[in-house]
Structures are given as C-alpha cells and as structure tokens.
Amino acid sequence: MLDHDGVSGVIVETEAYHDSEPACHAYVGLTARTRPLFGEPGHAYVYRSYGIHALVNAVCEEEGVGAAVLIRALEPLAGVERMRARRGLTRLEELCSGPGKLTQALDVELELNEADLLDSPLRILPPPADRPAPELVVGTRIGIRKAAELPWRFCARGNRNVSKPWPPGLGVAPRRGNAATRVG
DNA sequence: CATGGGATTGACT
DNA sequence: GTCAATCCCATGC
C-alpha cells in the first residue's frame, strides 16, 4: 500500500519503466530531471505531467540503472474523507483510479521527489495481512507513444479502482445504464 | 534564451 | 469522439 500521512490505499495498478526503452524518462541518460531514477532504489520519483498533475514512481534497480515503477491506481484504504475533500468527488472508485488522481487524493506533490519510501511521510508498506495477493492482468502501458508495445502494465484482476482503459481480462463488468454495454 | 512535448484529467460535442 | 489547462525540463540555437 501507499501511505501519505495516514491517507492510504492498496496499490492495484503499476507500470514499469527502464532506461533501456524510450518511454522511460531515464532513456536520455543522467540529467537534473532523471537523477532520482538513477539513484538509490526505494525512493520516490515525482514529476509534473502535462503541467497539471504530479505522478509518483518507486525507483527500482541498483544505483546507476534508471528504472522505476509508476503507481497508477490505488484502492482507497484509510483517510477516505480527506481524499473526497481533495478530489471534490464522493464515489470510491473515482478517488484513486488514475496516476494523477491518486496523487491529488494523497496530496503528493513535487516536494516529495526523492523521498525515502521506507522512512518519510510518503511510504510504501505491505498490504493488510488478511488481503490475498491479487491475480495480475498484464497489458500495454497507457498514454505513451514510444515503446507502446511492451507489456509492462500490471493490474489487479477484478479491481474496479484500476484506471481506464481497462485491460482485456480484467474481469470487471462495465457499468450498466445503456444498451451498448448491456449483455444479453 | 526560445521552443516543444508530454507516463493526464475533466468538460464538452 | 475532441480539446484545453499549464509546468518542467531537455534540446537546440
């Protein structure tokens, strides 16, 4: 789970990025922006997307390798009222079902770039002990133009908090309400 | 120093 | 389906 000051959710969707492929910011090598990606694993890489959103990654691999996992969706666990206040929405599945949504819900901003995810206000922790490990649905990454064919998106099967477009085989029925989505 | 392109979202046709 | 909002930073002159 990802926790920021007591507001938290179980990670239900991720994407992998690696300096060997051009969709990764680290592909350009070591720069001011990519320094965290090449740094110590277990730290955050937070960057501004489209001038609007902060997106959060967990840096992976040894120092010198530019790699990270983008956290794309959470299932809200604690602090749901603070999430609702920050998001201006009430429906649970709308609070953290996207990489920009979850940073808004958890109030993750650029100042948390390079934060130690094991020992800082922003932490990655084990999921609740009574929670079974999810089955994973693998798909291609969302919103990128380069290396778009790599199957490096991982979603928890059957979880409604996964961002759209839902990958094939997620196992969640579309919301009903119109004839086009109704089955038999 | 000027430019351009996003690992997105929400509103609108 | 289309489109704008708006920041950071890599790149090129």
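Residue numbering restarts at 1 for every chain, and letters A, B, ... go by the order of the sequence lines.
If you check C:dC9, B:dA7, B:dT9 against the side chain of A:H25, the one that comes closest is B:dA7. Comparing atom distances between the A:N57 side chain and each of C:dC8, C:dA10, B:dA7 picks out B:dA7 as nearest. Proximity note for A:R72 (side chain, C-beta onward) versus B:dT8, C:dT11, B:dG10: the nearest is B:dT8.
Put simply, CG on A:L110 is 13 Å from C1' on C:dT6, counting in whole angstrom units. At whole-Å resolution of the value, CG in A:L55 and C1' in B:dG6 are 11 Å apart. The NE2-C1' distance, from A:H53 to B:dT8, rounds to 4 Å in whole Å. One atom, OH of A:Y45, and another, C1' of C:dC9, lie 9 Å apart when rounded to the nearest Å. Following rounding to the nearest Å, A:R35 (CZ) and C:dC9 (C1') show an atom-to-atom distance of 13 Å. Nucleotide B:dG6 holds its P atom 11 Å from the CD1 atom of A:I144, rounded to whole Å. To the nearest angstrom, C1' of B:dT8 lies 9 Å from OH of A:Y47. The CD1-C1' distance, from A:I52 to B:dA11, rounds to 13 Å in whole Å.
By the criterion of a centre-to-centre distance under 5.5 Å and near-parallel planes under 30°, the ring of A:Y17 forms a stack with the base of B:dA7.
Among the protein residues, A:L70 comes within range of the nucleic acid bases, having at least one heavy atom under 4.0 Å from a base atom. Among the heavy atoms of the strands, none lies under 4.0 Å from A:R153. Backbone-only contact: A:R33 has heavy atoms under 4.0 Å from sugar-phosphate atoms and none from a base.
Among the candidates A:I144, A:V69, A:L150, the single residue satisfying the side-chain contact (heavy atoms from CB on, under 4.5 Å) test with A:Y17 is A:I144.
A salt bridge between A:E93 and A:K101 is absent, with no side-chain N of the basic residue lying under 4.0 Å from a carboxylate O of the acidic one. Ion pair A:R153/A:E13 flagged as a salt bridge, since at least one NZ, NE, NH1 or NH2 atom sits closer than 4.0 Å to an Asp/Glu carboxylate oxygen.
Annotation: the span from A:N57 atom CG to A:C24 atom SG amounts to 8.5 Å, rounded to 0.5 Å.
Linking Ile, Leu, Val, Met, Phe, Trp and Tyr whenever their side-chain heavy atoms come within less than 4.5 Å leaves A:L37 and A:V46 in two separate clusters.
Heavy-atom nearest nucleotides on DNA chain B were determined for A:R145 and for A:K101, and the one closer to the 5' end corresponds to A:R145.
For C:dT6, there is no paired base (Watson-Crick or G-U wobble, both distances below 3.5 Å).
Side-chain nitrogen and oxygen atoms of A:T31 include at least one within less than 4.0 Å of the OP1 or OP2 phosphate oxygen of C:dA10.
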